[in-house]
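For reference, the structure is listed below as structure tokens.
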Amino acid sequence: MAEEETQVIVGLEVHCQLDTKSKLFCGCSTDYRSDGPNTHVCPICLGLPGAMPALNKRAIEYAMKVAKALNCEIVNESEFSRKNYFYPDLDKAYQITQYDKPLAEGGYLEIESDAGGEKKIRLTRIHVEEDPGRLVHMGNVERGKYSLVDYNRAGVPLIEIVSEPDMRSPKEARKFLNKLRATLEYLSVFDSEKEGSLRVDANISIKGHERVEVKNITSYKGVEKALTFEVTRQKNLIRRGQRIERETRHFLEGRGVTQSARSKEQEHDYRYFPEPDLRPLRVKSWVDGIVLPELPDARRERFMAQYGCSLNHARTLTGDLKLANFFEKVVSSDPKGLSPLASTWIADTLIGELNYRDMGLDPVDPESIAALVRLLKAGTITDKSGVEVLRVMLDQRLKKEKTETPDAIVTRLGLTKTTGDTGAIAAAIEEAINDNPKALEDYRNGEGKAINFLVGQVMKKTRGKADPAELNRMLNEALKKRGA
Amino acid sequence: MPAQTIIFEPDDKYNAFLKVCNKPSHTNGKLAGITVAVKDNISTSGIETTCASKILKGYVPPYDAHVVGLVKQAGAAIAGKTNMDEFGMGTTTENSAFGPTLNPRDTGRVPGGSSGGSAAAVAAGMVRMALGTDTGGSIRCPAAFCGIVGLKPTYGRVSRYGLIAYANSLEQIGPMGKTVSDVSTLMGVIAGYDRHDSTSQNKPYDHIPRADIKGLKIGIPAEYFGKGVDPQVAAVVKKAIGRLEELGASTVPCSIPSMEYALAAYYVTCTCEASSNLARFDGVRYGPAADTKKSWHDAYQEVRSAAFGTEVRRRIMLGTFALSSGYYGKYYSKAQVARENVRKDFQRIFQEVDVIAGPTMPTIAFRLKEKSDPLSMYLADILTVPANLAGIPAISVPCGKSEGMPVGLQIMGRHFEDERVVDVAYAYEQAVN
Ligand SMILES: [Zn+2]
């Protein structure tokens, strides 16, 4: 099939919990995660007969902040509606949400496109709604003995951000989500580290074919995984000449596959109508009073201008609020001197080592990274030793052992660069050449690559302490002496 | 101040109460020691609240409705919970899962509804005052049928927090009593802003009724004396309006053409809202569980078919249908347009007159089981629903008898002029007593 015929079209509906102190329609705290089930509840969020919703202004302010940051238009009058359906986690048997009069419309978010460069993903709307409770199935879903309901989550404010079908690959969808998360965190309205704070429904189709909705995606990585699975599934169907059904599918995170939802679930008629217990929302005038903080794009530009970061490094560093703050703390003592090394050591090396360990940034203190960067900048240790020091530092933190400063690690392991200690290097070179006659032979026969092998051998013997420039010079001399 | 208790052991021959509090405690205040009965759709902390439905049997609210808190604070003793049409759906109090309430004036007749228990308790002298709720006439109808006074306040004047919703956009809690003064006193206690009810307004009621109505202009809508209104009832009410004229008021004929669609607009709106409000009663958290283990949806269906009464099921189905996709525009949207027209008609008339007067009900109290077909029962609401659709205050005050049964004079006023309708009712009451 030609590329044109398999154009992937993706649109996302992203639900994010707003990080307010209290719930959307009552005074209950949203900080429920470390407490027992049904401990953050009241007549309102339990949907007890007679209880009525009272809107939390702060949640609306947070949603408007997001709308402004995403270039949306706040409508003159928006309205809450009831979405009626029966499910035990929905205590009133309807969800208070927004339907035909959402808070904000239009807008866009810029991401880095697959083709490179910036790309605008248009937004359809942003609306505010309440989170339902949570079901805990005891045993498996089909044959479980029973289910338990926890209403702690019921009534937590959510915003739903709906995009236009402007993404062209699972990767772009992931980039959209990452950028969205960064933006929400910069606005201090969202905490991505809270479990279940983000849920995504994705619409995906191959151009010219029916659209499939994938529900239930609860992680950032899951979105790319689910969509990649769907792209393959749909392309295979097309290749075999089969029809793609317009349907809803669930993403099974553990297995990395999507599964058709039972057809019953697709026949929902939500019987929306305006919530009679809440008044229409006229808040457009608040928009001028909302002061936005520096957002990811602006910070990226500033990192390039102020610290001389490359575009890629600046993008990585500012793509996460914590990381951006971390970088600025690391270089704060000497921005000019430390930035060039710090940006690559943080954006490339540190991130790589953290990901390898499935470790977050929190346990790492900026001061110790600054100390490491200073050692590298002073030429006290080689890049290779730098990585070794960093690994020791991270492992100590990961295992919650006693931590050492980079200087202490260098001293303990004897990693100081052996500049001038030519005796040790010379001995290592002699050993390396003697141990590897084949390499010497190859080199003599004009195979330049052989020297790289020997450099590696010498590095190994000196445990990476040798200054690479000096090593190269001495190795060349030694080879020359042997008539190579 | 220390709480005191009173002994309350009424001889409830009329099945007015679903639950009697025999030793209610009370404090001091405006209502010190006065017994107040509360309709069973208003939440009372620690006292079973069923809406006269099997599905809420055993439900004990953990909190007081805002008005109940206010009434207690004012020193009243909560005497018990009164019978009603299940969830407020009815005009006779016959649709109670716990048996009908009888009219104390004639036990062969209904007390009206849906606040029939509250009206009967007051009419029989068991309590001095009662709280009712009025969605389409549920305070005024039983007040008229039992010969007492009942006020449906302006929408938003009394907090609905804790009122188990039937039709949120239409209903109000209101006072019932033997005299206009009692009704006014209770209104003074329950009115005012409540941050828990987003539709409530900051309009407290601080008023002592005045009998002076000189110069008052009263609109007399033709529709309130036309087809479907019992001529004898119409005659009694006309005579009562004559008394008001003697007191210095003048009358102006007027017309509410939108009334043609008022009943339809009312029944579409209230059934739609009800279908959503009542969906939470599932047999898991409320009501009896299904007999045998079943899937969630099957158990839900089984419990609801068994535990809701016929009229409730009928209205849930009507509302569910009217809201379903493809029909919303035909029913719910149209009903809102009709409702707006009713509002506009009243607005127009109130530019020329101060209040509107007519009968509360087109007939006297029905005999038990007389209204067996739902449509004829719905038609009985025709004179009361316009005030709910428009959100305006309306009071029913006894104004004579027909066939030995009480007839109610209904006075409707402008938004937030509850004081004025009370004054007119008071003027009439003072003139005839
Ligand atoms: Zn709550």
Side-chain angles (χ1 to χ4, degrees), chain A residues 25-27 38 41-44 46-57 80-96 99-100 133 135 137 141-149 151 262 264-265 267-281, chain B residues 41-44 49-51 56 59 61-66 87 156 159-165 167-171 194-200 269 272-273 275-282 284-286 293 295-297 300-301 304 319-328 332-333 336:
Chain A
F25 298 120
C26 64
N38 299 308
V41 292
C42 71
I44 298 168
L46 283 175
L48 289 191
M52 297 172 73
L55 185 60
N56 176 352
K57 263 192 183 167
F80 284 96
S81 288
R82 290 186 182 180
K83 179 180 181 177
N84 295 285
Y85 65 94
F86 305 124
Y87 205 66
D89 67 1
L90 194 62
D91 48 38
K92 301 184 293 299
Y94 56 83
Q95 179 193 30
I96 303 179
Y99 179 53
D100 49 359
L135 278 189
H137 299 289
V141 186
E142 298 301 327
R143 276 172 306 194
K145 284 205 176 85
Y146 55 96
S147 297
L148 298 173
V149 197
Y151 291 116
R262 277 160 298 163
K264 224 180 177 177
E265 289 179 50
E267 290 162 10
H268 269 315
D269 177 354
Y270 292 118
R271 293 172 284 120
Y272 287 98
F273 73 103
E275 166 62 65
D277 283 341
L278 290 168
R279 303 217 275 184
L281 208 52
Chain B
N41 58 351
I42 300 173
S43 303
T44 40
T49 298
T50 66
C51 293
L56 276 173
Y59 170 65
Y63 74 106
D64 271 331
H66 186 69
F87 285 102
S159 166
R160 288 182 292 118
Y161 191 80
L163 161 60
I164 300 179
N168 322 51
S169 72
L170 295 160
E171 62 205 3
D194 170 21
R195 66 189 174 88
H196 285 114
D197 176 355
S198 307
T199 64
S200 86
T269 305
C272 284
E273 292 180 9
S275 72
S276 170
N277 289 326
L278 270 54
R280 76 191 69 181
F281 302 116
D282 54 11
V284 175
R285 292 159 306 167
Y286 310 95
K293 248 187 179 175
S295 78
W296 158 256
H297 278 95
Y300 184 86
Q301 256 171 23
R304 287 167 65 85
T320 304
F321 173 76
L323 283 176
S324 48
S325 86
Y327 293 95
Y328 181 89
Y332 189 84
S333 299
Q336 302 323 302

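From a predicted model like this one, the values you see are computed outputs, not experimental measurements.
Between the side chain of Y328(B) and the backbone N or O of F273(A) there is no donor-acceptor pair closer than 3.5 Å. In this structure, D269(A) contributes its side chain and S324(B) its backbone to no donor-acceptor pair below 3.5 Å. Looking at R82(A), its side chain never comes within 3.5 Å of a backbone N or O of S276(B) through a donor-acceptor pair.
Neither the backbone nor the side chain of F25(A) comes within contact range of chain B; no heavy atom of the residue lies under 4.5 Å from a heavy atom of that chain. When heavy atoms are compared at a cutoff of 4.5 Å, N277(B) approaches chain A by way of both its backbone and its side chain. Both the backbone and the side chain of P88(A) come within less than 4.5 Å of a heavy atom of chain B.
The OG atom of S43(B) lies 8.0 Å from the CG atom of L48(A); values are rounded to the nearest 0.5 Å. Atom CG in L163(B) sits 8.5 Å away from atom CE in M52(A) (nearest 0.5 Å). In this structure, CG on D277(A) lies 11.0 Å from OH on Y161(B), to the nearest 0.5 angstrom.
Around atom CZ of F86(A), more than 12 heavy atoms belonging to other residues, nucleotides or ligands sit under 6.0 Å away.
Side-chain contact between Y332(B) and P274(A) is present, with heavy atoms from C-beta onward closer than 4.5 Å.
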Assess the residue pair D91(A) and R285(B) against the criterion (salt bridge (Lys or Arg N to Asp or Glu O under 4.0 Å)); give the C-alpha distance rounded to whole Å, side-chain angles, the decisive distance to 0.1 Å, and a yes or no.
CA-CA 9 Å; D91(A) 48 38; R285(B) 292 159 306 167; 5.3 Å; no
